[in-house]
Amino acid sequence: MIQQNKIVNLLKTKTWPKVLEILLLFVITFTIIKLFEPIVKDNIILKQASVWIANIIMLIYVWFGIKLRGESCKDFGLTFSKFNFKK
């Protein structure tokens, strides 16, 4: 628990862990797409599917980072309320 608090504190206060987190996200995504490359070859549909899978993994990674920090989607301006023209 103490180790997790250290990580959360670093992610909230320092710049280099944030940059490292973003770089890791791109490395993971690029690696997934490259791993699928020999399988998909020249099939456009399969290429798009591999990119889609990479996007889903990116979303899970970002969600995990949000939860690790103890934040919610509202902290990023994402709310799920009904839209009303009268506002």
Asker: Verify the cluster assignment for I56 and I66: are they in a single hydrophobic cluster under the rule of side-chain heavy atoms below 4.5 Å apart?
Answerer: yes

Asker: Treat each ILVMFWY residue as a node, draw an edge where side-chain heavy atoms are under 4.5 Å apart, and state whether I22 and V62 are in one component.
Answerer: no

Asker: With hydrophobic residues grouped by side-chain heavy-atom distances under 4.5 Å, do M58 and I53 end up in a single group?
Answerer: yes

Asker: Once rounded to the nearest 0.5 Å, what's the spacing between atom CG of L68 and atom CH2 of W63?
Answerer: 10.5 Å

Asker: Within a 6.0 Å radius of atom CD1 on I45, are there more than 12 heavy atoms belonging to other residues, nucleotides or ligands?
Answerer: no

Asker: Using the side chain to side chain donor-acceptor pair (under 3.5 Å) rule, collect all pairs that involve residues 15-29, keeping only residues at least two apart or in two chains.
Answerer: E21-R69

Asker: Hey, quick one: are F26 and I57 part of the same hydrophobic cluster, counting side-chain heavy atoms closer than 4.5 Å, chains of contacts allowed?
Answerer: no

Asker: Counting only heavy atoms not in L23, do more than 12 fall under 6.0 Å of its CG?
Answerer: yes

Asker: With clusters defined by side-chain heavy atoms of hydrophobic residues (ILVMFWY) lying less than 4.5 Å apart, directly or transitively, does I28 cluster with L25?
Answerer: yes

Asker: Taking all atoms of both residues into account, what is the closest heavy-atom pair of P17 and L10, and its distance?
Answerer: CG-O, 3.7 Å

Asker: Give me the atom names and distance for the closest heavy-atom approach of K47 to K41.
Answerer: CE-O, 2.9 Å

Asker: L46: what forms a side chain to side chain contact (heavy atoms under 4.5 Å, CB included) with it, not counting sequence neighbours?
Answerer: V40, N43

